[in-house]
Amino acid sequence: MSIFPTTAPTPGPDENFGGRAFAPRDDGTVVGVGIDVVEIARLTAMLERTPALLDRLLTPTERGLSAASRAARVAAKEAVGKALGAPGDFSWQDVTVERTSVRRPYLRLRGATLHAAEEHGVAHLHLSLSHDGDVATAIVIAERGDRASEGSPADARPAAGHGADAPAPPEAPAPPEAPAP
């Protein structure tokens with residue numbers, strides 16, 4: 001019998017499955033989860049039709065990326081908004097995706113979006129980006145934390161030559177990853 005807490009008085013449909021159940025947290029740690037998908041060709045066509053949209057949606061660093069990577073960045077910005085409960089003053093320019101020295105993506109916020117994250121007590125934003133075929137996706141999990149004991153995670157410091165002037169921290173070897181969007 002699984003130890004997974006359920007509201008049903010009887011076991012689930014396949015109690016012979018075995019393994020370990022991973023119950024969702026109900027302690028308020030997760031502020032929100034956002035997911036978004038962007039059709040790469042559709043975004044590219046929109047940017048060609050309306051060139052000013054490139055400057056509105058993407059930061060200067062993001063504008064020079066491949067079409068798939070730009071679409072993943074737009075999806076990430078949308079996912080941030082969803083994870084934070086769609087802050088009213090959300091600006092596309094207030095969210096950017098950066099990478100650690102081992103190319104792991106992370107988010108940098110400013111302005112109203114940063115304010116919304118701080119109001120919710122967000123200490124960590126977990127980001128996953130992917131693209132396959134003509135679709136780019138992003139998932140963001142906003143996690144609450146004890147701000148007094150939270151430092152800037154080493155993982156969230158920019159890679160050398162990106163963002164702040166501080167050198168990137170040493171990092172443990174990462175497992176092989178799929179090609180970055």
Side-chain angles (χ1 to χ4, degrees), residues 30-144 147 152-169 174 177-181:
V30 175
V31 172
V33 177
I35 184 170
D36 197 64
V37 297
V38 173
E39 291 180 49
I40 299 166
R42 183 170 179 243
L43 177 64
T44 299
M46 288 171 56
L47 295 174
E48 288 171 358
R49 250 189 340 267
T50 313
L53 199 55
L54 184 68
D55 293 340
R56 182 173 169 231
L57 296 178
L58 300 167
T59 64
T61 303
E62 295 169 327
R63 292 176 198 147
L65 298 172
S66 70
S69 290
R70 286 194 311 256
R73 289 343 185 251
V74 170
K77 293 171 188 230
E78 283 280 349
V80 166
K82 292 172 182 177
L84 297 177
D89 295 348
F90 178 86
S91 167
W92 295 95
Q93 296 296 313
D94 285 349
V95 179
T96 190
V97 174
E98 296 183 0
R99 291 196 176 271
T100 66
S101 59
V102 294
R103 313 262 317 130
R104 183 176 178 186
Y106 66 95
L107 293 156
R108 183 177 297 272
L109 308 182
R110 66 180 182 191
T113 309
L114 173 60
H115 180 72
E118 290 172 340
E119 287 288 309
H120 287 298
V122 172
H124 303 283
L125 289 169
H126 305 276
L127 172 64
S128 179
L129 301 173
S130 186
H131 54 79
D132 186 34
D134 196 36
V135 177
T137 61
I139 297 173
V140 172
I141 300 171
E143 182 180 334
R144 206 171 262 118
R147 299 285 292 173
S152 175
D155 198 30
R157 293 186 199 127
H162 298 285
D165 292 331
E177 295 183 90

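- In D55, the CG atom is crowded: over 12 heavy atoms of neighbouring residues, nucleotides or ligands sit closer than 6.0 Å.
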Which is it for V38 and V135 under the side-chain contact (heavy atoms from CB on, under 4.5 Å) test, yes or no, and what are the steps along the way?
CA-CA 6 Å; V38 173; V135 177; over 6 Å; no
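- Every side-chain contact (heavy atoms from CB on, under 4.5 Å) that E39 has, sequence neighbours left out, goes to R42, D134.
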Begin from the C-alpha positions of R56 and L53 and carry the test side-chain contact (heavy atoms from CB on, under 4.5 Å) through to its verdict.
CA-CA 5 Å; R56 182 173 169 231; L53 199 55; 3.9 Å; yes
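- Of all non-hydrogen atoms in R70 and L65, the two that sit nearest each other are NH1-O, 2.8 Å.
- Within the model, atoms CZ of R73 and CH2 of W92 stand 14.0 Å from one another, a figure rounded to the nearest 0.5 Å.
- Between A75 and A136, the shortest heavy-atom contact is CB-O, 4.2 Å.
- Screening L109, T59, L114, L84 for a side-chain contact (heavy atoms from CB on, under 4.5 Å) involving V95 leaves a single residue, L109.
- For the residue pair L129 and A76, the shortest heavy atom distance occurs at CD2-CB, 3.8 Å.
- Nearest approach of A138 to L127, heavy atoms of both residues: CB-CD1, 4.5 Å.
- Between atom NE2 of residue H115 and atom CG of residue D94 there is a gap of 12.0 Å, rounded to the nearest 0.5 Å.
- Applying side-chain contact (heavy atoms from CB on, under 4.5 Å) to R63 and the options L58, L47, L57 leaves one that passes, L58.
- Note that the CE atom of M46 and the CG atom of L54 stand 11.5 Å from one another [nearest 0.5 Å].
- Taken from OG1 in T113 to CD in E118, the straight-line distance is 11.0 Å, to the nearest 0.5 Å.
- Closest of all the heavy-atom pairs between K82 and I35 is NZ-O, 3.1 Å.
- Note that OG of S69 is 4.5 Å distant from NE2 of H131, once rounded to the nearest 0.5 Å.
- If you take CD on Q93 and NZ on K77, they are separated by 5.5 Å, rounding to the nearest 0.5 Å.
- P105 approaches R99 most closely through the heavy-atom pair CD-NH1, 3.3 Å.
- Judged purely by atom type and a 3.5 angstrom limit, R108 has no side-chain atom pairing as donor or acceptor with the backbone of T96.
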